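Since the structure is predicted, the reported quantities are computational estimates derived from the model, not experimental observations. Chain A is the first sequence line, chain B the second, and so forth, proteins listed ahead of strands; every chain is numbered from 1.
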Protein chains: 2
Amino acid sequence: MEPAPEIERLLRAADLRVTRQRVAVLAAVRTLPHADTDTLLRAVRAEVDGVSHQAVYDSLHTLTAAGLLRRIQPAGSVVRYETRTDDNHHHVVCRSCGSVADVDCAVGPAPCLTASDTHGFVVDEAEVIFWGTCPACSTADTTTREVAP
Amino acid sequence: MEPAPEIERLLRAADLRVTRQRVAVLAAVRTLPHADTDTLLRAVRAEVDGVSHQAVYDSLHTLTAAGLLRRIQPAGSVVRYETRTDDNHHHVVCRSCGSVADVDCAVGPAPCLTASDTHGFVVDEAEVIFWGTCPACSTADTTTREVAP
DNA sequence: CCCTAGTCTTGACTAGTTCAAGAAAGCAGG
DNA sequence: CCTGCTTTCTTGAACTAGTCAAGACTAGGG
């Protein structure tokens with residue numbers, strides 16, 4: 001389903017052992033960007049039978065530490081992962097269904113990274129999360145009101 | 001310790017019943033901005049004996065819904081609360097110790113609220129979190145290296 | 001003062017994640 | 001190709017933060 005050799009190359013480049021579990025995890029995050037751990041676990045098990053949940057947690061942590069994955073966690077959401085790690089892009093999150101989409105930086109390469117007074121903190125990253133309503137939910141809201149409790 | 005009448009007034013203005021628990025919760029968040037629920041629970045119990053954790057959770061939810069509190073949750077952190085709700089300010093979070101400080105908007109009243117392409121999402125808020133190292137941790141890091149594992 | 005809706009207490013329960021010990025597997029060197 | 005060391009995976013228990021639900025209590029309008 002996924003080009004395994006390419007993924008294998010990525011793992012070796014990051015000095016990580018190539019295991020079926022890791023390959024499957026990385027492939028899963030590629031095909032399911034912004035998915036949560038449980039969804040990824042299912043996807044991985046569809047590829048490699050009998051993978052333990054701990055292996056998936058471990059792989060996700062390792063791959064994140066190696067810079068192959070990026071971990072995102074909007075308030076009130078479980079942890080989600082994506083493979084776009086190089087660019088400092090941001091996210092829009094739907095308040096209603098929790099879906100996430102990528103948003104490129106609006107103002108140049110690293111906007112908003114100029115806080116007025118950071119109280120002596122040494123800032124290395126500015127994370128921006130846009131909150132709103134996704135197309136599907138805003139349509140559902142206006143057309144079929146009173147459906148949700 | 002806190003001006004209870006003032007807090008009472010705030011509660012009534014928000015059409016909420018005035019209970020000892022709520023007053024204590026609101027006072028606790030005032031004196032301990034950015035505190036997590038557990039810290040607040042302890043603070044509340046110091047004022048009013050035997051308060052249940054559920055009452056604190058309920059109060060925090062109710063007060064947040066009424067706009068008297070703002071709930072923040074940086075990735076990897078538990079939920080925290082603060083009383084500054086009117087202005088759209090942001091936060092700096094220490095990667096090392098997790099401490100949080102307020103940061104006022106850098107560019108005008110609502111910066112960064114102009115995402116380039118929001119994929120059809122209707123955006124109503126832009127949340128900015130600055131990640132870095134707090135003064136205490138950066139000092140500890142440079143002077144007493146090798147202390148932490 | 002009484003009534004009722006809203007709030008609090010008590011205690012069980014859940015989801016998501018981490019911890020720990022031993023078995024299995026990757027891969028460098030011979 | 002085989003060996004052995006080290007990392008990774010499996011298994012299964014444990015933990016934390018938070019939620020659910022039933023009944024007792026109480027704020028505040030009448």
Side-chain angles (χ1 to χ4, degrees), chain A residues 4-5 7-26 28 34-45 47-66 68-69 71-81 98 149, chain B residues 4-5 7-26 28 34-45 47-66 68-69 71-81 98 149:
Chain A
I7 288 176
E8 204 176 310
R9 200 181 51 70
L10 283 170
L11 288 171
R12 290 194 199 284
D15 254 314
L16 296 176
R17 286 195 183 172
V18 178
T19 67
R20 287 178 308 142
Q21 291 86 342
R22 279 182 186 165
V23 172
V25 167
L26 196 38
H34 309 133
D36 58 79
T37 311
D38 190 58
T39 305
L40 293 171
L41 176 56
R42 284 175 220 272
V44 167
R45 283 186 173 155
E47 287 294 305
V48 184
D49 200 54
V51 177
S52 68
H53 72 144
Q54 193 58 249
V56 172
Y57 276 102
D58 281 353
S59 298
L60 289 170
H61 287 168
T62 309
L63 294 171
T64 303
L68 295 178
L69 292 182
R71 181 186 171 115
I72 60 174
Q73 186 177 26
S77 163
V78 293
V79 175
R80 292 158 180 275
Y81 292 89
Chain B
I7 288 175
E8 204 175 311
R9 201 181 50 71
L10 282 170
L11 288 171
R12 290 195 199 284
D15 254 315
L16 296 176
R17 286 196 184 172
V18 178
T19 67
R20 286 177 310 140
Q21 292 86 342
R22 280 182 185 166
V23 172
V25 167
L26 196 38
H34 309 134
D36 58 79
T37 311
D38 190 59
T39 305
L40 293 171
L41 175 57
R42 285 174 219 271
V44 167
R45 283 186 173 154
E47 287 295 304
V48 184
D49 200 55
V51 177
S52 67
H53 72 147
Q54 193 58 248
V56 173
Y57 276 102
D58 281 353
S59 298
L60 289 170
H61 287 168
T62 309
L63 294 170
T64 303
L68 294 177
L69 292 182
R71 179 187 174 113
I72 59 174
Q73 186 177 26
S77 164
V78 293
V79 174
R80 292 157 179 278
Y81 292 89

Visitor: For B/V48 and B/A24, work out which heavy atoms get closest and say how close.
Guide: CG2-CB, 3.8 Å
Visitor: Produce a footprint string for nucleotides 23-28 of chain D: one letter per nucleotide, 5' end first; B if the base is under 4.0 Å from any protein heavy atom, S if only the sugar-phosphate is, - if neither.
Guide: ---BBS
Visitor: Test of understanding: with side-chain hydrogen bond (donor to acceptor under 3.5 Å, both in side chains), list the residues that count as partners of A/R9, not counting sequence neighbours.
Guide: A/E6
Visitor: How close do A/G76 and B/Q73 get, heavy atom to heavy atom, and via which atoms?
Guide: N-OE1, 2.7 Å
Visitor: Is there a side-chain contact between B/T37 and B/Y81, using heavy atoms and a 4.5 Å cut-off?
Guide: yes
Visitor: Treating primed atoms plus P, OP1 and OP2 as sugar-phosphate and everything else as base, which nucleotides of nucleotides 13-22 of chain D get B, S or - for protein heavy atoms under 4.0 Å?
Guide: ----SBBBB-
Visitor: Working to the nearest 0.5 angstrom, can you tell me the gap between B/R20 CZ and B/D49 CG?
Guide: 9.5 Å
Visitor: With rounding to the nearest 0.5 angstrom, report the CZ to CG distance, B/R80 to B/L69.
Guide: 15.0 Å
Visitor: Measure across A/R45 and A/V51 and return the closest heavy-atom pair with its distance rounded to 0.1 Å.
Guide: NE-O, 2.6 Å
Visitor: Check every nucleotide of DNA chain C for an atom under 4.0 Å from a heavy-atom of chain A, then give the first and the last such nucleotide from 5' to 3'.
Guide: C/dG16 to C/dC27
Visitor: For B/V44 and B/A28, which heavy atoms make the closest approach, and how far apart are they?
Guide: CG2-CB, 4.1 Å
Visitor: Could you go through residues 10-19 of chain A and list every donor-acceptor pair under 3.5 Å that involves a side-chain atom there, pairing it with any protein atom two or more places apart or in another chain?
Guide:
unit_1, atom_1, unit_2, atom_2, d
A/R12, NH2, A/E8, OE2, 3.0
A/T19, OG1, A/R22, N, 3.1

Visitor: List, one per line, each side-chain donor-acceptor pair under 3.5 Å for residues 59-66 of chain B, sequence neighbours excluded.
Guide:
unit_1, atom_1, unit_2, atom_2, d
B/S59, OG, B/A55, O, 2.8
B/T62, OG1, B/D58, O, 2.8
B/T64, OG1, B/L60, O, 2.6

